[in-house]
Amino acid sequence: MIARAYLGLIGQSARARIDGHGKWIEARVLAALLLAVVPVSAWSSDPDHDIVVHVQKEGQNIVVEVDCPVDAPRSMVWEVLTDFDRMAQFMSNLQYSGVTNRVDDVLRVHQTVQVSVGLIKLTFDNVREIELAPYREIRSRLVSGDLKASESVTRIVEVGARVHIVNTGRFTPKIWVPPYIGPALFESATRKQFGEIRKEILRRSARAWPRT
């Protein structure tokens, strides 16, 4: 779920080769995306500064680690993290998200992502198998889509009196990813995505347990 939207974007960047210059267009798309995303966190007051994101490139693979603290009950965190049918309502890059099949705690989830940079619009689909360990862990692996491979684990843990969403993932894009622009883009985009998830968790928590 997390970071796959922008990693899938890298897989789709070949569609942006609109002037025949190959990797030069890919680099331009990545640079434009980086400039579009980074200023939100780097050059302005960032409400998600406490979301810790580490991204590194290991050969062809991208490794992402996230620690997102949230002041909400575990049950509400779980509700939002697994609300795949309504996820497009609170994650800005998702055009569509829905469960296509479910057997007990194993789901198939189809998502469509679109990112626009100027006149360039990139859209891609992916289908993932999701394995749920209720209120504790979500395991995800790519079944089909615009990456060579993708797998991640999202856990809900308690650190002191606070709940943390801890995510680790490993992804293999279909094309070459620049060593500096790529990880920086993924880090900023991942922090934004977790920020949107946390915002939805807090919104629902406030509605369920209003302060008096």
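What you are looking at is a predicted structure, and each value in this text was computed from that prediction instead of being measured. Heads up: numbering here begins at 1 and tracks the sequence.
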Does any non-hydrogen side-chain atom of [Y] lie less than 4.5 Å from one of [X]?
X	Y	value
Asn126	Leu147	no
Val166	Thr154	no
Asn93	Gln193	yes
Val64	Thr168	no
Gln95	Val113	no
Glu129	Leu107	no
Ile130	Ile138	yes

Single-linkage hydrophobic cluster Leu142~Val106, side-chain heavy atoms < 4.5 angstrom: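 No, separate clusters.
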Hphob cluster co-occupancy, Trp209 + Tyr135, side-chain heavy atoms under 4.5 angstrom: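 In one cluster with Trp209: Tyr135, yes.
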Neighbour count >12 (heavy atoms, 6.0 Å) for atom [atom1], [X]:
X	atom1	answer
Arg204	CZ	yes
Arg136	CZ	no
Arg203	CZ	yes

Candidate pair Ser92 and Glu196, rule side-chain hydrogen bond (donor to acceptor under 3.5 Å, both in side chains), full reasoning: CA-CA 8 Å; Ser92 59; Glu196 291 176 341; 2.7 Å; yes
Under 3.5 Å side-chain donor-acceptor pair for Ser97 and Gln111: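 Yes, a side-chain donor-acceptor pair sits under 3.5 Å.
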Short side-chain donor-acceptor distance under 3.5 Å, Arg128 and Ser140: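 Result is yes, a qualifying pair exists.
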Any residue meeting ring-ring contact (aromatic ring centres under 6.0 Å, His included) with His110, in chain and number order, not counting sequence neighbours: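 His110 satisfies ring-ring contact (aromatic ring centres under 6.0 Å, His included) with Tyr96 only.
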Candidates Asp67, Val70, Asn167 - the one meeting side-chain contact (heavy atoms from CB on, under 4.5 Å) with Phe194: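 Among the candidates, only Asn167 passes.
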